[in-house]
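Following: one structure in structure tokens, then a few remarks.
All values reported here derive from a predicted model rather than from experimental measurement.
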Amino acid sequence: MKITLKDGFVKEYGSAMSIYEIAKDISEGLARVACAGEVDGEVADLRTVLDQDCTLNILTANDAEGLRVVRHTCSHVMAEAVKRLFPEAKLAIGPSIDTGYYYDFEHTPFSREDLDQIEAEMKKIIKEGHELKRFTLSRAEAVKFMEERNEPYKVELIQDLPEDAEISFYDQGGFVDLCAGPHLMNTKGIKAFKLTSSSGAYWRGDSNRAMLQRIYGTAFNKKEELAEYLEYLENIKLRDHNKLGREMELFTTVDVIGQGLPLLMPKGAKMIQTMQRWIEDLEDNEWGYIRTKTPLMAKSDLYRLSGHWDHYKEGMFVLGDEEKDKEVFALRPMTCPFQYFVYKATQHSYRDLPLRYGETSTLFRNEDSGEMHGLTRVRQFTISEGHLIVRPDQMVEEFKKCIALAQHCLKTLGVEEDVTYHLSKWDPEDTQKYIGEPEVWEETQEHMRNIMNELQIPFVEDVGEAAFYGPKIDINTKNVYGKEDTMITIQWDALLAAQFDMYYIDQNGDKVRPYIIHRTSMGCYERTLAWLIEKYEGKFPTWLCPVQVRVLPISDKYEDYAQKVLAKLKSNGILAEVDSRSEKIGFKIREARLAKLPYMLVVGQQEEADGTVSVRSRFAGDEGVKPLDGFIDQICKEIRMKEIRREEIKDEPKQK
């Protein structure tokens, strides 16, 4: 048997050997730090026996996949600690993830004190140095094994496996868990770990199933790496829009109003208004859209016609009882069927197309309580929604234009480098979730794949993420915690026109079904605001700021001049205010800096006499004395061009 190692060196063995034994043969030191093996490109447990020629790379915790094994083993140690401390807890699943690991338990919510206690128990288990031993059982034996241990979630997982499956377990000093691995050879291989948080999580992600308690943790090869990561976590908490947005008085939430129903405060409302006006003017004046305004609710008949009633009813707010009420309404989760009837109100020729309908749409979706967070996932939100009614021969070019518009918006906001593109496809193994024939889906997806390749946009393909009526391009980004959210969607629809009997008259006088593009240009305003808060840490580009300039009179004697400056700024469309407090100017400057304002205009005797302002900015500190008209020209250009000035200074000004 020939084993080709990473450096190309070939080791020959006369009999089968485990990956661990090969690592030990290479070096005792390598065996001590080995976490797993990579056999012909596939990660394998160290206990895996090799009996034929292959390539082998021994993975350590310095490798990404090796570190995942450390973290996976740490999740098992955590599960054992929980069972020692809380024997009544039931085990669910405990995988490694990009930032560490988690484990779900049926148990009452865990407090921070509980996590500290679990951590202490984990340290004991690691110190005990239990060897992890892998064994397998048949499906029937595995079910019985877990039934005897009263672990119903494990039983369910096993029962979902094929009848002839051989199921693996790992035993670490008497604690046994169902697991496919891979794992470390010994618990002492865990060098540095921390439990970071806990939260609720539905069993198998289904809101109709039990609410479990999830404990998150992380692990690293060195204590220094763990300390660096924990410091990073503390820093990103400061950028979390749910914290920073409240501190900046952009939004708030109130229990008696309801979860997922944020209140936009004046500053947040101003930012949303700025973005909304920008998008509407951009679409209508430069990209050929025409505006509609449609109802916030409709009878269930509309949603039955569109297919949403059958495929999406559980995500809607239904008003009324189908068994008791003559008419049942629902708040709209989307605008498309409303705009279809705008199209149908007039007969259209092939010359009329494409028709690009745009609407600033307030939508309602009944999100699970465990999924909602700040402004990123809410129950009422507003999007830059649009639907393009096009001839089939126009579809590809119009789809490209929708991508171009989305990219223009991302670039203007300064976030174009922060996104990934996804082709969200149907799942051919679960066709009941969708309408239409397989041929239509495959043809449509191929068109979209070709468009992305032609535009040279890197993308990944996600099976099962399509809407029930068509595949889509999702433009996603991650929040400060690494959770991915969809910001912009562009969807190809070759099916719903038939359900709504939509048509146009072609050059031969025949009725022809159009195609439809569902798209957002910037996406959800609330989610975008959350994204921008975290991206800029509250230091927004000037054009987006709810307060762009604060005028700071040196003393009460210059209040009148400060008000004259304010009036002139406002007459030029600049969002400004005066700090009239009887405080020292150094204090006022520091307060303006802490409020993350772009510009401060200090005014006193000399400025009043000369008609000037002393300019301080968030970007460059003291910019010197400038004529008021000159400053106004400068900032108006910056706002009009939607410039993004980068920070040049970091230190807070000292109080004079």
Counting only pairs under 3.5 Å, give me each side-chain donor-acceptor contact of residues 48-55, with atom names and distances, residues two or more places apart or in other chains.
from  : atom 1 : to    : atom 2 : distance (Å)
Thr48 : OG1    : Asp45 : N      : 3.4
Thr48 : OG1    : Asp45 : O      : 2.8
Asp53 : OD1    : Lys2  : N      : 2.7
Thr55 : OG1    : Asp40 : N      : 3.4
Thr55 : OG1    : Asp40 : OD1    : 3.0

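The CG atom of Leu261 lies 9.5 Å from the OG1 atom of Thr253; values are rounded to the nearest 0.5 Å. The distance from the CG atom of Leu178 to the CE atom of Met146 is 5.5 Å, given to the nearest 0.5 Å. The distance from the OH atom of Tyr170 to the NE2 atom of His72 is 8.5 Å, given to the nearest 0.5 Å. Atom OH of residue Tyr525 and atom CG of residue Leu375 lie 15.0 Å apart, to the nearest 0.5 angstrom.
You'll find the side chain of Ile26 reaches within 4.5 Å of the side chain of Leu5, heavy atoms only. Proximity of Ile167 to Ile158: side-chain heavy atoms (C-beta onward) are separated by under 4.5 Å at one or more points. Residues Leu59 and Val69 form no side-chain contact, since every pair of their non-hydrogen atoms from C-beta on lies 4.5 Å or further apart. Tyr13 has its side chain within reach of Ile3: a pair of non-hydrogen atoms, C-beta onward, lies under 4.5 Å apart. With contacts defined as side-chain heavy-atom distances shorter than 4.5 Å, the pair Leu423/Ile473 qualifies. A heavy-atom distance below 4.5 Å is not found between the side chains of Arg134 and Phe169. With contacts defined as side-chain heavy-atom distances shorter than 4.5 Å, the pair Arg379/Asn366 qualifies.
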For the pair Lys243 and Glu247, evaluate salt bridge (charged side-chain N to carboxylate O under 4.0 Å, His left out) and give the outcome as yes or no after the intermediate values.
-> CA-CA 6 Å; Lys243 177 180 185 295; Glu247 292 174 351; 2.6 Å; yes
Tell me, with the steps shown, if His76 and His130 meet ring-ring contact (aromatic ring centres under 6.0 Å, His included).
-> CA-CA 12 Å; His76 278 230; His130 297 297; over 10 Å; no
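Taking 4.0 Å as the cut-off between side-chain N and carboxylate O, Arg68 and Asp98 count as a salt-bridged pair. Under the 4.0 Å criterion applied to side-chain N and carboxylate O atoms, Lys24 and Glu21 are not assigned as salt-bridge partners. For the pair Glu461 and Arg449, the salt-bridge criterion is met [side-chain N within less than 4.0 Å of a carboxylate O]. Between Glu80 and Arg84 there is a salt bridge, with a side-chain nitrogen of the basic residue lying less than 4.0 Å from a carboxylate oxygen of the acidic one. Between Asp114 and Arg112 there is no salt bridge, since none of the side-chain N atoms of the basic residue sits less than 4.0 Å from a carboxylate O of the acidic one.
Atom CD of Glu314 has more than 12 neighbouring heavy atoms from other residues, nucleotides or ligands inside a 6.0 Å radius. Counted within 6.0 Å of NZ on Lys11, heavy atoms from surrounding residues, nucleotides or ligands total more than 12; the atom is thus considered enclosed. By the neighbour-count criterion of 12 heavy atoms within 6.0 Å, atom CD of Glu228 is sparsely surrounded, having that number or fewer from other residues, nucleotides or ligands. With a 6.0 Å radius and a threshold of 12 heavy atoms from other residues, nucleotides or ligands, Asp7 has its CG atom above the threshold. Taking a 6.0 Å sphere around NZ of Lys483, one finds it holds more than 12 heavy atoms contributed by other residues, nucleotides or ligands. Counting non-hydrogen atoms of neighbouring residues, nucleotides and ligands closer than 6.0 angstrom, the CD atom of Glu88 exceeds 12 such neighbours.
Relative ring orientation between His308 and Tyr312 is described as perpendicular, the plane-to-plane angle rising above 60° on a 0-90° scale split at 30° and 60°. Trp441 and Trp426 have parallel rings, their planes meeting at less than 30° on a 0 to 90° scale where 60° marks the start of perpendicular.
Leu91 and Tyr153 make their closest contact through O-CB, 3.3 Å (heavy atoms, listed as atom of the first residue, atom of the second, distance).
Sorted by first and then second residue, the salt bridge (Lys or Arg N to Asp or Glu O under 4.0 Å) pairs with a member in residues 144-162 read Lys83-Glu151, Lys154-Asp177, Glu156-Arg204, Glu156-Arg209, Asp160-Arg204; sequence neighbours excluded.
Aromatic ring centroids of His311 and Tyr469 lie 6.0 Å or more apart. Ring centroids of Tyr102 and Tyr216 are separated by less than 6.0 Å, placing the two rings close together.
For Phe220, the ring pair (Phe, Tyr, Trp, His ring centres under 6.0 Å) criterion is met by Tyr229, not counting sequence neighbours.
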